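This chain uses plain numbering: 1 for the first residue, then up along the sequence. None of the values given here were measured: they were computed from a predicted structure.
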Amino acid sequence: QVLLVESGGGSVQPGGSLRLSCAASGITRNHYSMGWFRQAVGKEREGVAVIAEGDITTYADSVKGRFTISRDNAKNTINLQMNNLKAEDTAMYFCAAERSASRWWLSLHPGDFSAWGQGTQVTVSE
């Protein structure tokens, strides 16, 4: 069973930065893609950034150029560096993982992921 634990959320002013981390346990040597998703109050969960085991990435258009996802396969961790944060980035951020058939699988669809963390809150306000 895969266990994901997020950390690093908090409150920041617009234009500020935060770094989220996700530690995974229970991941086997099979290929796993991991990513960050977010859900704002009253909205559906949406994909933010996903990284495949082969280190290729995909981002939501709304965060391109501001967020960077990275992973350390040896430590089974992923990070999300968030710069130039905006009020609309306010949401609960979730780490997710999914075993895939290749090292290159990417998806921003929440329904494609089966393992989820509990989430960490990010609030961007004056």
Side-chain angles (χ1 to χ4, degrees):
Q1 182 178 357
V2 176
L3 179 64
L4 304 173
V5 179
E6 303 99 334
S7 61
S11 296
V12 66
Q13 292 184 335
S17 298
L18 283 174
R19 183 178 177 86
L20 306 183
S21 294
C22 173
S25 59
I27 287 186
T28 67
R29 293 188 178 274
N30 293 316
H31 307 306
Y32 270 89
S33 294
M34 298 180 68
W36 290 96
F37 295 76
R38 67 187 181 187
Q39 187 166 15
V41 174
K43 295 187 176 181
E44 293 186 353
R45 191 169 297 188
E46 63 176 0
V48 175
V50 172
I51 184 166
E53 188 183 42
D55 266 351
I56 60 172
T57 59
T58 187
Y59 295 89
D61 289 342
S62 60
V63 306
K64 284 180 181 177
R66 299 187 298 122
F67 291 11
T68 302
I69 189 171
S70 61
R71 71 187 288 165
D72 183 334
N73 287 331
K75 297 181 179 179
N76 283 337
T77 60
I78 63 168
N79 300 295
L80 184 69
Q81 178 65 42
M82 305 185 293
N83 297 327
N84 190 21
L85 282 160
K86 304 176 180 180
E88 51 263 43
D89 295 318
T90 295
M92 183 73 77
Y93 283 70
F94 298 90
C95 176
E98 180 63 26
R99 189 169 66 183
S100 62
S102 80
R103 301 183 68 218
W104 317 109
W105 179 76
L106 294 170
S107 173
L108 285 173
H109 297 291
D112 289 339
F113 287 77
S114 58
W116 292 86
Q118 293 299 307
T120 184
Q121 179 67 36
V122 171
T123 302
V124 185
S125 65
E126 294 287 353

**Asked** Going through the checks in order, is the salt bridge (Lys or Arg N to Asp or Glu O under 4.0 Å) test met by D89 and R38?
**Response** CA-CA 9 Å; D89 295 318; R38 67 187 181 187; 2.9 Å; yes
**Asked** For the atom pair CG (N73) and CE (M34), what is the distance rounded to the nearest 0.5 Å?
**Response** 9.0 Å
**Prompt:** When rounded to the nearest 0.5 angstrom, what distance separates CE in M92 from OG1 in T123?
**Reply:** 8.5 Å
**Request:** Flag the pair N79 / R71 as yes when at least one side-chain heavy-atom distance between them is below 4.5 Å, and no otherwise.
**Result:** no
**Request:** State yes or no: do V48 and M82 share one hydrophobic cluster built from I, L, V, M, F, W and Y residues joined by side-chain heavy-atom distances below 4.5 Å, directly or via other members?
**Result:** yes
**Prompt:** Which atom names give the shortest non-hydrogen contact between A60 and G47, and what distance separates them?
**Reply:** CB-O, 3.4 Å
**Message:** Distance check, rounded to the nearest 0.5 Å: S17 atom OG versus F67 atom CZ?
**Reply:** 9.5 Å
**Polar contact flag, side-chain donor to acceptor under 3.5 angstrom, T77-D72** = no
**Prompt:** Do you know the tightest heavy-atom contact between S70 and R19?
**Reply:** OG-NH2, 4.4 Å
**Message:** Starting from L4, can I reach L108 by hopping between I/L/V/M/F/W/Y residues whose side chains sit under 4.5 Å apart?
**Reply:** no
**Side chain to side chain, E46 and P110, heavy atoms closer than 4.5 Å** = no
**Request:** On the 0 to 90° scale, with breaks at 30° and 60°, tag the F37-F113 ring pair as parallel, tilted or perpendicular.
**Result:** perpendicular
**Full working for side chain to side chain donor-acceptor pair (under 3.5 Å) between E98 and S114** = CA-CA 6 Å; E98 180 63 26; S114 58; 2.6 Å; yes
**Prompt:** Which atoms form the tightest heavy-atom contact between G26 and V2, and what is the distance?
**Reply:** O-CG2, 3.9 Å
**Prompt:** Would R99 and Y32 count as having a side-chain donor-acceptor pair, cut-off 3.5 Å?
**Reply:** no
**Cluster link I27 to L80, ILVMFWY, side chain under 4.5 Å** = yes
**Message:** Show, in sequence, the C-alpha distance, side-chain angles and deciding distance for V122 and L18, and conclude whether the side chain to side chain contact (heavy atoms under 4.5 Å, CB included) test is met.
**Reply:** CA-CA 8 Å; V122 171; L18 283 174; 3.8 Å; yes
**Message:** I need the D112 CG to S100 OG distance, nearest 0.5 Å.
**Reply:** 11.0 Å
**Message:** Quick one about Q81 and N83 (side-chain donor to acceptor, distance below 3.5 Å, no hydrogens or angles considered), yes or no?
**Reply:** yes
**Asked** Does a side-chain heavy-atom distance below 4.5 Å link C95 with I78?
**Response** yes
**Prompt:** So, the side chain of S33 versus the backbone of W105: is there a donor-acceptor pair under 3.5 Å, distance only?
**Reply:** yes
**Message:** Please determine whether the number of non-hydrogen atoms from other residues, nucleotides or ligands lying under 6.0 Å from atom CD of E44 exceeds 12.
**Reply:** no
**Request:** Please assess V124 against K86 for the test side chain to side chain contact (heavy atoms under 4.5 Å, CB included), listing each intermediate value before the final yes or no.
**Result:** CA-CA 6 Å; V124 185; K86 304 176 180 180; 5.6 Å; no
**Prompt:** Between R45 and F94, is NZ or CZ placed under 6.0 angstrom from the six-membered ring centre and within 45° of the ring axis?
**Reply:** yes
**Asked** Is there side-chain contact between E6 and L20, with heavy atoms separated by less than 4.5 Å?
**Response** no
**Request:** Please answer: with hydrophobic residues joined when any side-chain heavy atoms are less than 4.5 Å apart, are V50 and W104 in the same cluster?
**Result:** yes
**Prompt:** Does Y59 reach the main-chain N or O of I69 with its side chain, forming a donor-acceptor pair under 3.5 Å?
**Reply:** yes
**Message:** Is the shortest side-chain heavy-atom distance between T90 and Q121 below 4.5 Å?
**Reply:** yes
